[in-house]
Amino acid sequence: MDTREIFDEINQILEEADMDIKINDLEELEEFLEEYEARDLEVYEEIHDLYEQLLMEM
């Protein structure tokens, strides 16, 4: 999966979770992860895994 596909996947997860957030770059993704880290979101772990995948792509 390339970088764009990872961001597309993250945004699809957020949309399916009815979260009105769109993430377009690494900075926005890191801010999201920091903000929601302590919250019990079902999607957090899945998005964090994609974040780690993204870091490996770069």
Side-chain angles (χ1 to χ4, degrees):
M1 205 179 315
D2 70 12
T3 302
R4 185 74 259 149
E5 290 172 322
I6 292 172
F7 281 112
D8 289 345
E9 179 72 20
I10 289 168
N11 287 316
Q12 182 177 351
I13 292 167
L14 292 170
E15 184 178 321
E16 289 172 1
D18 292 325
M19 296 185 73
D20 192 25
I21 300 170
K22 186 150 179 118
I23 296 174
N24 296 305
D25 59 37
L26 188 59
E27 184 178 333
E28 289 176 352
L29 179 55
E30 289 171 342
E31 287 173 10
F32 170 85
L33 293 172
E34 287 175 16
E35 182 176 342
Y36 289 94
E37 183 175 19
R39 297 189 190 179
D40 189 26
L41 291 180
E42 293 178 21
V43 298
Y44 179 86
E45 198 63 42
E46 192 173 359
I47 291 174
H48 190 270
D49 290 344
L50 288 166
Y51 167 71
E52 290 178 351
Q53 231 182 1
L54 184 63
L55 292 179
M56 286 188 273
E57 288 290 320
M58 299 181 118

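- Under the 4.5 Å side-chain criterion, counting only non-hydrogen atoms from C-beta, Tyr44 is not in contact with Arg39.
- For Glu16, the side-chain contact (heavy atoms from CB on, under 4.5 Å) partners at least two apart in sequence or on another chain are Gln12.
- Here the CD atom belonging to Glu28 is positioned 12.0 Å from the CD atom belonging to Glu35, to the nearest 0.5 angstrom.
- The distance from the CD atom of Glu57 to the CE atom of Met1 is 8.5 Å, given to the nearest 0.5 Å.
- Residue Glu42 qualifies as open at atom CD: its count of foreign heavy atoms under 6.0 Å is 12 or below.
- In this structure, Leu50 and Ile13 have side chains that are in contact, with non-hydrogen atoms separated by less than 4.5 Å.
- Remark: Ile23 CD1 to Ile6 CD1 distance equals 12.5 Å, nearest 0.5 Å.
- Of the possible polar contacts, one joining the Glu5 side chain to the Asp2 backbone as a donor-acceptor pair under 3.5 Å is found.
- When side chains are defined from C-beta on, Leu14 counts as touching Asn11, because their heavy atoms get closer than 4.5 Å.
- Applying the ring-ring contact (aromatic ring centres under 6.0 Å, His included) test to Phe32 and every residue at least two apart in sequence or in another chain returns Tyr36.
- Within the 4.5 Å cutoff, the side chain of Met19 has heavy atoms near those of the Leu41 side chain.
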CA sep, side-chain torsions, deciding dist, call: Leu26, Leu55, side-chain contact (heavy atoms from CB on, under 4.5 Å)
CA-CA 9 Å; Leu26 188 59; Leu55 292 179; 4.3 Å; yes

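- Remark: Gln53 CD is packed, more than 12 non-hydrogen atoms of other residues, nucleotides or ligands lying under 6.0 Å away.
- Smallest separation of non-hydrogen atoms from Tyr51 and Leu33: CG-CD1, 3.4 Å.
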